[in-house]
Structure formats: structure tokens, C-alpha cells
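Computed from a prediction, not measured in an experiment: that's the story for all the values here. Protein chains get the first letters and strands the later ones, always in sequence-line order, with residue 1 at the start of each.
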2 protein chains.
Amino acid sequence: MDGALTVGQVADELGVTVRTLHHYDELGLLVPSGRSAAGYRLYTAEDLQRLSSIVLYRRLGFGLEQVGELLVADGAARIEQLRRQRDEVRARLAQMTGLVDAIEHALEAEMTQRPATTEDLRAIFGDGFGEEYQTEAQERWGHTPQWEQSRQRTAHFTPGRWQEIKDETEALEQAAAAAVREGVDPDSPHGREIAERHRESIEVFYDCSHEFQVGLAQMYLADPRFTAHYDERQPGLAQWLHDAIVANAAR
Amino acid sequence: MDGALTVGQVADELGVTVRTLHHYDELGLLVPSGRSAAGYRLYTAEDLQRLSSIVLYRRLGFGLEQVGELLVADGAARIEQLRRQRDEVRARLAQMTGLVDAIEHALEAEMTQRPATTEDLRAIFGDGFGEEYQTEAQERWGHTPQWEQSRQRTAHFTPGRWQEIKDETEALEQAAAAAVREGVDPDSPHGREIAERHRESIEVFYDCSHEFQVGLAQMYLADPRFTAHYDERQPGLAQWLHDAIVANAAR
DNA sequence: GCTTGACCCTCACGCGACGTGAGGCGGCAC
DNA sequence: GTGCCGCCTCACGTCGCGTGAGGGTCAAGC
């Protein structure tokens, strides 16, 4: 019996914890063959053999109760259990594969439905969406109620929403440019329609009365950067848009 | 508040159990917005919204604590967590794939190392391994200590072991048949060597003294079925083997 | 008004395989 | 003798509920 090992030695040998050995002892799954005078558990080579079987079956995912059954079962029963276990693990495997897909799905949804980040905006609007402009705009209008309202609303805009906004602005400006080229009167039904569409595109951000819109129109003529933006697309567009907005506001 | 639902209704609606709702309430994960006079939990549409998020995240495999964090996290943090969860699940997936392989491995080992069944024996020895022979053999020798010893030993023989035994028997008989064809003297070193090899092939089953082996040799001549078995392979083999065994026993 | 049955409430233990101390004894080297 | 490591026996914690026990509530039918 001098070959008998204590819990710590067995634990090191087989890669389990001491607590695990205690646990198996409690359950009667692996009761050490002997005890020292002081009550130390003493494991023989046979015990180690049994433990290594237990460890093997545990690694295969069996519960302790099933491990106990496997140890006393004959070959045919063991094979049957192993097959069952394999099938069960395969089933869980399939279900986890589905889980990964579900997570991917949620991830994609989150990516598109989450409020847009600064990077998203740069990706959509290009690098022209620079910090300098942002800073200046904040200084100019940061104290207005419209700015505050816009800030609150856009905080929840998704990348998809921003893309829609860009598309609508683009379409609007193209329609206005076409009207200028075709010599459409700003104070015609079509001219006023475009002015109204412009107001709606602004109302996405904040409540925009006709009066406020007229103020914007005046700025488009007063601030050369706005004027340039419109006239680059179509010479005379800034003036035409201003006139249409004024005409629409006067009804 | 007339739109408020009780636990049972909510449970049906979202496919969870009443106990689960109690649990979430205890944890503070989903505290119903109201209680009836009698203390019934009352869930509003908002509560349902929150619950459906909880159910979603739970289905994605998050723990309840993480679900709580996800509910208050912003988009970026949620995405980060989803990614982490996906990676973790993928890792577990890989490890389960390994598990399946390990089980297959154990299964194969068990298949080949398990004691052979009657079907295994038929597969190895052919259908000549019939019940009639078995029954007669048991009647003839079932009471002998050799039979008992053989029974005990063969009970643990694997299919592989049986195959080895068959191969060795085959090789032995071929060697003996060749010796007969070549006119080898049974009482020569080579003849006695074959006799000794025969004895060893018997000792696989039970302890076989030279005297006992001589008894076997006599039976090979006395029982026409044994004689036929050997002489079919090589005329004169039964007699030759008998003589070699007798010579070897006499040293 | 009374019963019935379905629903709700609050405890509180159970599961599975150990982890993680707490409190105390044994063994061995200095 | 003393310090440290290893061993012992309780015994509670983990995680997400399941499953009663014991008892109120509510709407409907008699």
C-alpha cells in the first residue's frame, strides 16, 4: 500500500481539483480504497484507473450519474450511451450554429438601426462634413431653439435615415436646378411646390414656419458659401430658390 | 391603464413562464409598472416592449446580468457585446465539434476493445461457428476445468484478439501442411517446434501440459471430424501432427 | 349568497458540478 | 518549537429558473 497517493498528488496527476475528489467521494463515485491514520484519503493505482475513466467520460460531456452507470455497464450499453451522447451533442451543436446566426442577425440590425455615429455621417456625406463647419455652425446657431430641437431629433437618426435625408436633399436640388434651366417662374405652382418641399426637408430637423424659411432664403443670398453651394449646381439657383420661398410664404 | 396585463397573459403573449416573470421582478430586471389592489402584477405595453428585448437577448445566450446591461447600453456598447458573444459562442461551438470527435473516437475504441459478441465471432470465423457445434462441445467438455478456464479467459477477448487467434491458427496449420508436403520428420527440431507452437496456441485458452496436448492429439485421430478438418487441408496432416506432438512431449 | 375553478400572491427548496472560504488538525523541515 | 504546506470536515454560493406549499382573488354559475 506504499504506492497510495493523497488527494493533492492524485489531483496533480490526473488534472482535477482536490474538491472534485472530495465531491466524487461524497457521491460514492470514487471512494478511495484507504485512509491514513490521520484520515487522509489514500488512492491506489486501481483508484487512479477508475478516476481516469471518470475523467474521460466527463470530458465526453456525461453527467456524474451517467458516468457511474457507464463504469458498471457492459460494452454494448456503453456503446449505446456513447451514441446517444454523440447525437445529443450534435443536436446542441446545430442549435448553437443557429445561435451564431441569430447573433449575426441581431448585430446587423443593431448596426443599421442604431443612431448614426460621426464616422457613419462622414461615410454618407463625405469628408466635407468637417469639424470646422460643425464648430462654426454651433457658434452661429447653437443658442437657438431650432438648433436644440434639431440636436434632439438627429440624436436618434439611424444611418439609413441620414441616407434618406441626403437622397431627398439631392433630389430637391436637382428638381430646383432643372426648374431654373427650364425658366420656371419661382412664383408659379411648380415653383411654390419646390419651395414647400424645401420647407418639409427642413422640418425633418426642426419646426420651420414660412417666416423662418424666408430667413433661411435670405441667408442663402447673404452668405457666399451657401450661394456658391447652390450656384455651383446651377447658376442662379440661389436667387431662384429665394424667390420661390418668398412667393410661397406670401401664398 | 386598462391595457395592463397580468402575469399569465404576459407569459402567454411572450412565451415565457409566470415563474420567469417573478424571477425578473425579484432581480429588478423587469419590474411591472403597476400592481392591482390585490397585489397582482400589472404589465403595460412599455413593460412588454422591455420584456421582448429581454427575451431576445436571452435567446442570444446572454446571462440575465448582461441582459440588464444591454438594455441600458448605447448602440456602440451593444454592438461590442454582441460581437463578443458571437465570438464566445463560436469558441464553444468549436469545442463542441471537438467533443463530437472525441466521442466518435471513444466509440470506435469501445467497438474494437469491447469483448466480442456472438455476431463478432460469426463475422470472424464464418457461419461454421454454429450453435450445434457449441452445444455439443459444451456437453462433451463443459465439466472440465479447461473448459471453465477457457470460458473465463475468452469472456474478455476482443474481436481483434479473436482475429489474431484465427490468423495464428491459420498460419500454424499452413506451416504444418507445408512440413508434411516437404516430408519433414515429425520427430525433428522443426516438427517439434510446430508441436510446441500448437501447444502455445492452445494455452491462449487454458493451461495445456504436454500430457494434455497428447490427449488432444489422440482425439484428432479418434474423432473423424477433427481428422477430416486437418486432412482436408493436407492429407496425412492429422497423423503427422499427432506424431509431432507425441515426439515433442517425449522431448 | 355560496361554491367552484382558474388565476394570482409569497416563501423557499432543488438542481449540477463543483468553487471558495472557514476553522482546525497532521507532517515535515529548520 | 515553530512555520508552512497539505489535509480534513462543514457549509454556503453559483445560474436561471422549476416545482411545490399554503393561501388570497376573481368571475361565473347555482
Side-chain angles (χ1 to χ4, degrees), chain A residues 1-2 4-44 47 51 53-71 85 88-89 92 95 99, chain B residues 1-2 4-44 47 51 53-71 85 88-89 92 95 99:
Chain A
M1 267 292 182
D2 53 349
L5 304 178
T6 67
V7 276
Q9 297 168 320
V10 172
D12 285 353
E13 193 90 7
L14 277 274
V16 298
T17 68
V18 170
R19 177 65 177 105
T20 298
L21 293 175
H22 288 176
H23 190 55
Y24 293 170
D25 191 2
E26 278 176 48
L27 296 188
L29 185 59
L30 177 68
V31 181
S33 302
R35 292 272 187 151
S36 77
Y40 287 22
R41 289 172 179 80
L42 295 178
Y43 294 85
T44 65
D47 294 337
L51 178 56
S53 292
I54 294 174
V55 169
L56 168 64
Y57 288 129
R58 281 257 57 211
R59 267 207 292 260
L60 298 186
F62 288 97
L64 292 182
E65 194 169 355
Q66 299 185 66
V67 170
E69 289 165 13
L70 281 164
L71 288 174
Q85 177 70 2
E88 272 179 37
V89 173
R92 275 189 292 166
Q95 139 181 3
L99 187 56
Chain B
M1 268 287 186
D2 51 350
L5 304 178
T6 66
V7 278
Q9 296 167 321
V10 172
D12 284 353
E13 193 91 7
L14 278 271
V16 298
T17 68
V18 170
R19 177 67 179 105
T20 299
L21 293 174
H22 288 176
H23 191 55
Y24 293 169
D25 190 2
E26 277 175 51
L27 296 187
L29 185 59
L30 177 68
V31 180
S33 302
R35 290 273 185 149
S36 77
Y40 287 21
R41 291 173 178 80
L42 295 177
Y43 293 85
T44 65
D47 294 337
L51 178 56
S53 292
I54 295 174
V55 169
L56 168 65
Y57 288 129
R58 281 257 58 210
R59 268 206 292 258
L60 298 186
F62 288 98
L64 292 182
E65 193 169 354
Q66 297 186 69
V67 170
E69 289 166 11
L70 281 164
L71 288 174
Q85 178 70 5
E88 272 178 37
V89 173
R92 273 188 292 164
Q95 145 181 359
L99 188 55

Any N/O pairs under 3.5 Å between the protein and nucleotides 21-25 of chain D? List them or say none.
unit_1: dG24(D); atom_1: N2; unit_2: Y40(B); atom_2: OH; d: 3.2
unit_1: dT25(D); atom_1: O4'; unit_2: Y40(B); atom_2: OH; d: 3.3

- chain B footprint on DNA chain C, 5' to 3' - any atom under 4.0 Å from a heavy atom: dC7(C) to dA12(C)
- Message: Tell me whether the side-chain N/O atoms of R58(B) come closer than 4.0 Å to OP1 or OP2 in dC17(D).
- Response: yes
- R59(B) CZ to dG16(D) P, straight-line distance once rounded to whole Å: 17 Å
- salt bridge (charged side-chain N to carboxylate O under 4.0 Å, His left out) pairs, two or more places apart, involving residues 10-34 of chain B: R19(B)-E26(B), D25(B)-R35(B), D25(B)-R41(B)
- Task: Provide, to the nearest angstrom, the distance between the CG atom belonging to D25(B) and the P atom belonging to dC17(D).
- Result: 14 Å
- Item | Integer-rounded Å distance: dC15(D) C1' and E65(B) CD | 11 Å
- Message: Whole angstroms only, please: what is the NE2-C1' distance between H22(A) and dG6(D)?
- Response: 10 Å
- Five-pair end axes of the helix from dG1(C)-dC30(D) to dC30(C)-dG1(D) and the angle they enclose, rounded to 10°: 30°
- Sorted by position of nearest nucleotide on DNA chain C, 5' first, the leading residue of R19(B) and A37(A) is R19(B)
- Message: Closest-nucleotide mapping onto DNA chain D: is V7(A) or F62(B) further toward the 5' terminus? I mean the 5' end.
- Response: V7(A)
- Here the distance between atom P of dC17(D) and atom CG of L30(B), to the nearest Å, is 13 Å
- Query: Among all residues two or more places apart in sequence or in another chain, which pass the side-chain hydrogen bond (donor to acceptor under 3.5 Å, both in side chains) test with T17(A)?
  - Reply: T20(A)
- Message: Expressed as a whole number of angstroms, how long is the span from L64(B):CG to dC15(D):C1'?
- Response: 8 Å
- Message: Using whole Å, what does the distance between atom P of nucleotide dC7(D) and atom CG of L42(A) come to?
- Response: 11 Å
- Who pairs with E88(B) by side-chain hydrogen bond (donor to acceptor under 3.5 Å, both in side chains), at least two apart in sequence or on another chain? none
